[in-house]
Amino acid sequence: MTDSTSYLFFTGKGGVGKTSLACATAVELADSGKTVLLVSTDPASNLKDVLESPVDENINSINGINNLFAININPEHAAEEYRNRVTQPLEGIATKDEINKIRENLSGACTTEIASFDEFSRFVSSESEGEKFDVIIFDTAPTGHTLRLLELPAAWSSFTDENPDGASCLGPTSALKSGKERYHLVVDRLRDTDLTTFYIVSRAEKASLKEASRTSKELKELGMSNQRLYINGVFKAIEKQDSLAIKIEEMANEQLETIPDNLKLLPSKSYPLLPYNVLGISKLRSLFNNELQKSISEKMISKLEVSTQVLKGIDQLVDELCMNQQNGLIMTMGKGGVGKTIAASAIAVLLAKKGFEVMLTTTDPAAHIQDFIEQLGEMPPTLTVERIDPKAETQRYMEKILLHKGKGQSEEAKKLIQEDLKSPCTEEVAVFHAFSKAISMAKRKFVVMDTAPTGHTLLLLDTAGSYHRDIMRNNLNAERLKTPYMSLQDPKLAKIILVSLPETTPMREAASLQDDLKRAGIKPYAWLINQSLSMLSGISDPLLRSRANAEIDVIHTIKSIHAERTYGIPFIAEKKLLPALLHEYYETSK
């Protein structure tokens, strides 16, 4: 670690290893004699597990290293406090229903991130013990949307307080602990290449690299140009006779060849996939120490016992979905990169192969879903595919809302509305309008949707009344939207499949989505665990066997705590994913 800046930010998709690399960096810098504070704002944070030391919302020293400290800013708690500060002045003035509507409007991902940013900004501004530390490391950086929104002068003016059509994900800025001056100080420090470094963490996978590319571009546009790329979990086969291991290595190498051009310009390092979970100080030190890695790996592999996990397959899920039913709405949900599209495609094709009328509708780019379907060679005659372009739908929606809300407003106020409309749930709302037509079809045939709106979005759409039409982003006919929402609450008609990987972070993110849906009165039907090595037999590569074993506890937690029904998709190392996944089913059904 040659970094000499004071503030280090680690950012990347869930499950890429941000926390492990942030913690390993913190340990190495502390070992070098620096006093280090590690701050996490990750909603799925497992800092205490990784550091094997108590970590909470207070600054605590870490066991075994005198000059390493950590704090976990719980984003949900921060967001709840933020909502309380917004709504408290309205008590006794607004009705309970009106206050509840405001609270729901401030329940999206954007608000949670702003509340977290509000908390961690005090460390960068040195107003909260920041001056005591040589280096402060942040596990999870703010997105470009949050930074752009808070940078607009209108966000800090009375516009927000006086206009209910203003920045709904921001709320009155009086509720922010950070004042405008502190915010500008923080942003200036983030832009200072002598003070701040951004570590963009990715896996050797196309979706992960694409997300890293987008993040890098966004940060550079904001003037935050001191960036480095870490590619984590690169697989190298140990057992050269294991055909699966060789295929996985080849595929990883191919993915790395497609690295986006803007990432090629960044200083980069890659780190191998390890046969052990990186938990505890010793294993954290091993991330940057090849000799220690080798020593721990050899001990782990010598003690390795093979475990397998029996999960029902996706064909059994489909059998249950169509039991006593000729129609219905089936939606796959999950974080990016977990395999929603392959799951939706497989479910749709299997239903069509049974002779049912099926429409597969997706917000994924057309080429992605088309690639999967074309892999089959011939599409089942009862299957139709509808492609919804989320960018086009969102643009159309934003133009309509801007026309309504921007009428008579200043250019600065219009900019604020435009930036607010870039929040994560705007696309969901826009796409939901296109989905609404498909939902009505589910009363006549099976409709499989790749990616559904979150519970927060659905609650926004369901809120009725004149106040809703004033304050919510979607100033559209609430009555027309009520029926689709009620359809999603009907377990006989609609079944949501939560897709996860057999890893801790994706599991926690899926559980958070499940909680979000339950707030909206929607209970997911089942969990589908994708890319499971523990479902395979005959693995001889020690590294793959170790990773398969590591899945067992995660799958057990899903089955015992989160899901009433659990199904799995085995790990597939083939370019033609869909035919490989369905091959066994086709063979046995002929």
Side-chain angles (χ1 to χ4, degrees), residues 1-3 8 10 12 15-34 36 38 46-53 62-65 68 137 139 199-205 208 228-242 244-246 248-253 255-256 267-307 502-505 533 539-554 571:
M1 172 63 61
T2 57
D3 201 304
L8 313 183
F10 285 77
V16 295
K18 292 188 301 290
T19 300
S20 297
L21 285 164
C23 289
T25 301
V27 168
E28 184 172 71
L29 287 169
D31 284 344
S32 73
K34 293 188 176 181
V36 181
L38 181 59
N46 58 338
L47 267 191
K48 64 180 181 181
D49 300 329
V50 175
L51 293 167
E52 291 185 343
S53 187
I62 300 303
N63 295 337
I65 305 183
L68 177 58
I137 298 174
D139 174 20
Y199 288 87
I200 299 169
V201 185
S202 176
R203 288 284 180 102
E205 299 163 358
S208 184
R228 297 184 183 184
L229 175 66
Y230 277 176
I231 299 176
N232 193 33
V234 178
F235 180 79
K236 297 292 181 187
I238 297 173
E239 173 56 70
K240 301 301 181 184
Q241 302 305 311
D242 187 327
L244 176 65
I246 297 301
I248 293 174
E249 182 177 342
E250 288 173 353
M251 286 178 68
N253 291 337
Q255 298 277 16
L256 285 174
S268 66
K269 286 184 180 178
S270 63
Y271 297 92
L273 185 68
L274 299 170
Y276 53 87
N277 289 321
V278 184
L279 303 175
I281 302 301
S282 176
K283 288 177 181 173
L284 284 167
R285 286 189 176 115
S286 78
L287 272 184
F288 302 145
N289 185 321
N290 291 337
E291 288 302 312
L292 191 52
Q293 252 176 52
K294 187 177 178 183
S295 171
I296 295 173
S297 296
E298 286 173 352
K299 286 178 186 174
M300 289 289 297
I301 289 168
S302 67
K303 296 178 183 176
L304 195 61
E305 294 180 7
V306 181
S307 299
E503 299 170 12
T504 302
T505 300
L533 286 164
I539 296 175
S540 59
D541 186 272
L543 178 50
L544 289 185
R545 287 165 64 188
S546 170
R547 302 308 298 183
N549 278 359
E551 295 179 4
I552 301 297
D553 285 344
V554 175
F571 193 101

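All of these numbers come straight from a predicted model, not from anything done at the bench.
The backbone N or O of P542 sits nowhere less than 3.5 Å from a side-chain atom of S546 that would complete a donor-acceptor pair. No donor-acceptor pair under 3.5 Å is formed between the side chain of E503 and the backbone N or O of E551. Between the side chain of E249 and the main chain of A237, a donor-acceptor pair closer than 3.5 Å is present. Listed for the D242 side chain is a donor-acceptor partner under 3.5 Å among the backbone atoms of S540. At least one donor-acceptor pair under 3.5 Å links the side chain of S286 to the backbone N or O of K283. Using modelled atom types, one side-chain atom of R547 and one backbone atom of L274 make a donor-acceptor pair closer than 3.5 Å. Although no hydrogens or angles enter the test, the distance criterion places a donor-acceptor pair under 3.5 Å between the side chain of T25 and the main chain of L21. Looking at S297, its side chain never comes within 3.5 Å of a backbone N or O of K294 through a donor-acceptor pair.
Note that the CD atom of E28 and the NZ atom of K34 stand 10.5 Å from one another [nearest 0.5 Å]. Note that the CG atom of N232 and the CG atom of L287 stand 7.0 Å from one another [nearest 0.5 Å]. In this structure, I248 CD1 and D541 CG are separated by 8.0 Å, a value rounded to the nearest 0.5 Å. The structure places CD1 of I200 at 12.0 Å from NZ of K18, a figure rounded to the nearest 0.5 Å. Here the straight-line distance linking atom CG of D139 with atom CZ of F10 works out to 8.5 Å at 0.5 Å rounding. Note that NZ of K48 and CD1 of I62 are 12.5 Å apart. Values are rounded to the nearest 0.5 Å.
Between S282 and I296 the shortest side-chain heavy-atom distance falls below 4.5 Å. A 4.5 Å side-chain heavy-atom check between L47 and C23 finds at least one atom pair inside the cut-off. Between P272 and V234 there is no side-chain heavy-atom pair separated by less than 4.5 Å.
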Do L244 and L533 pass the side-chain contact (heavy atoms from CB on, under 4.5 Å) test, and can you show the C-alpha distance, the side-chain angles, and the key distance before you say yes or no?
CA-CA 10 Å; L244 176 65; L533 286 164; 4.2 Å; yes

What verdict does the side-chain contact (heavy atoms from CB on, under 4.5 Å) test give for Q293 and Y276, after you've listed the backbone C-alpha separation in whole Å, the side-chain angles of each residue and the deciding distance to 0.1 Å?
CA-CA 10 Å; Q293 252 176 52; Y276 53 87; 3.5 Å; yes

For a side-chain contact (heavy atoms from CB on, under 4.5 Å) check, start with the C-alpha distance between E52 and I281, then their side-chain angles and the critical distance, and finish with the verdict.
CA-CA 8 Å; E52 291 185 343; I281 302 301; over 6 Å; no

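Using bins of under 30°, 30° to 60° and over 60° for the plane-to-plane angle, the ring pair Y199/Y230 lands in the tilted bin.
Summarising the geometry of D31 relative to R285, their closest heavy-atom pair is OD2-NE, 2.7 Å, with the distance given to 0.1 Å. What you find for V36 and I137 is that their closest heavy atoms are CG1-CD1, 3.9 Å. V201 approaches G17 most closely through the heavy-atom pair CG1-C, 4.3 Å. The two residues I231 and A204 come nearest to each other via the heavy atoms CG2-N, 4.0 Å.
With respect to L51, the side-chain contact (heavy atoms from CB on, under 4.5 Å) criterion is satisfied by exactly one of N63, L284, L279: L284.
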